[in-house]
Amino acid sequence: MSVEILIHRLDPDLPLPSYAHPGDAGADLFAAEDVELLPGERAVVRTGVAIALPDGYAAFVHPRSGLAARHGVTLVNAPGTIDAGYRGEIKVTMINTDAKDPVRFRRGDRIAQLVVQRVERAAFYEVDRLPGSVRGTNGFGSTGS
Ligand SMILES: O=c1ccn([C@H]2C[C@H](O)[C@@H](COP(=O)(O)OP(=O)(O)OP(=O)(O)O)O2)c(=O)[nH]1
Ligand SMILES: [Mg+2]
């Protein structure tokens, strides 16, 4: 089963986002521009597409593991959240975490992947005291390394 999503190409010469294999969760997004990232540098990169997600869905821009493993490239805000009401161009906030090597992307390169998911919206009920739990307030490494 797949959810139908309206997509508009702001850059008609780029391919639509696509899944590399059956069963893949992420559809690859393409760079709409050339970009060079020096060590530690970041950039907001255009993808040339805008989408209209149905209510009850969101899309998440995830890094590609190959770029992370080979070049240390990830996303500053991973995963980036695309709201259902957003009609602007999807952009990718890339960062080069490598200490030594610059990395270069060309227009048309696959720079990130989009994961579409159903999402719940919460109704927040304020209370004076929360119900107890086994974990309680322990966190941030409380179970050891
Ligand atoms: O990686 C991302 C993250 C967000 N967006 C777009 C879609 C999203 O719906 C909108 C707002 O994102 P977010 O809520 O994360 O950013 P914000 O800093 O809270 O901006 P705003 O005040 O517009 O909500 O920006 C992207 O194109 N790429
Ligand atoms: Mg926001």
Side-chain angles (χ1 to χ4, degrees), residues 1-126 130 133-145:
M1 274 296 287
S2 50
V3 56
E4 288 181 3
I5 291 173
L6 303 178
I7 186 162
H8 175 61
R9 261 193 277 203
L10 303 158
D11 187 331
D13 295 331
L14 284 178
L16 288 175
S18 64
Y19 296 97
H21 302 108
D24 282 1
D28 290 321
L29 293 168
F30 299 90
E33 54 196 326
D34 295 343
V35 57
E36 182 176 11
L37 298 175
L38 300 176
E41 196 181 9
R42 67 179 190 268
V44 179
V45 183
R46 295 185 293 105
T47 65
V49 291
I51 59 176
L53 291 159
D55 277 347
Y57 284 83
F60 299 95
V61 183
H62 285 262
R64 295 187 65 211
S65 63
L67 297 181
R70 279 198 304 277
H71 303 294
V73 168
T74 186
L75 309 185
V76 181
N77 61 333
T81 304
I82 310 299
D83 299 290
Y86 181 68
R87 299 290 180 269
E89 182 170 14
I90 295 175
K91 294 178 184 165
V92 180
T93 56
M94 307 183 77
I95 185 162
N96 178 6
T97 68
D98 194 89
K100 292 190 296 254
D101 293 330
V103 64
R104 195 176 282 175
F105 296 97
R106 297 281 181 219
R107 175 182 151 79
D109 285 349
R110 293 175 297 151
I111 52 170
Q113 53 186 328
L114 194 68
V115 177
V116 175
Q117 291 185 279
R118 279 184 204 267
V119 290
E120 300 287 345
R121 275 173 57 95
F124 295 101
Y125 289 101
E126 187 175 11
L130 295 172
S133 72
V134 174
R135 176 178 280 274
T137 58
N138 294 326
F140 300 94
S142 67
T143 60
S145 53

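Position 1 is the first residue of the sequence; numbering continues from there. What's counted below: heavy atoms across the whole structure, side chains too, no hydrogens, waters or symmetry copies.
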Nearest heavy-atom pair of [X] and [Y]: which atoms, and what distance?
X	Y	value
V115	G26	CG2-CA, 4.0 Å
R110	D28	NH1-OD2, 2.9 Å
A31	R106	CB-O, 3.8 Å
G88	A50	O-CB, 3.3 Å
A112	V92	CB-CG1, 3.9 Å
G48	A32	N-CB, 3.8 Å

D11 with R46: basic N within carboxylate O range, under 4.0 Å = no

Out of curiosity, [X] [atom1] to [Y] [atom2], how far, rounded to the nearest 0.5 Å?
X	Y	atom1	atom2	result
L53	Y86	CG	OH	12.0 Å
M94	E41	CE	CD	12.0 Å
R70	R64	CZ	CZ	7.0 Å
F30	I111	CZ	CD1	10.0 Å

Report the residue from I82, N77, T93 that forms a side-chain contact (heavy atoms from CB on, under 4.5 Å) with V61.
-> I82

Of V73, V35, L38, which is the lone residue that meets side-chain contact (heavy atoms from CB on, under 4.5 Å) with V103?
-> V73

Please indicate whether N138 has more than 12 foreign heavy atoms, meaning atoms of other residues, nucleotides or ligands, lying under 6.0 Å from its CG.
-> yes

May I ask you to check whether over 12 heavy atoms, not counting those of R107, lie within 6.0 Å of atom CZ?
-> yes

Counting distance only, does the side-chain N/O of [X] pair as donor-acceptor with the main-chain N or O of [Y] below 3.5 Å?
X	Y	result
D98	K100	yes
Q117	A58	no
T47	I90	yes
T97	G72	yes
D34	R104	no
N96	L37	yes
R9	L14	yes

Verify side-chain contact (heavy atoms from CB on, under 4.5 Å) between I5 and Y57, making sure each step is shown before the conclusion.
-> CA-CA 10 Å; I5 291 173; Y57 284 83; over 6 Å; no

Does the side chain of P54 reach to within under 4.5 Å of the side chain of V3, using non-hydrogen atoms?
-> yes

Stepwise side-chain contact (heavy atoms from CB on, under 4.5 Å) check, L114 with I51 | CA-CA 11 Å; L114 194 68; I51 59 176; 4.1 Å; yes

Worked check of side-chain contact (heavy atoms from CB on, under 4.5 Å) between K91 and V45 = CA-CA 5 Å; K91 294 178 184 165; V45 183; over 6 Å; no

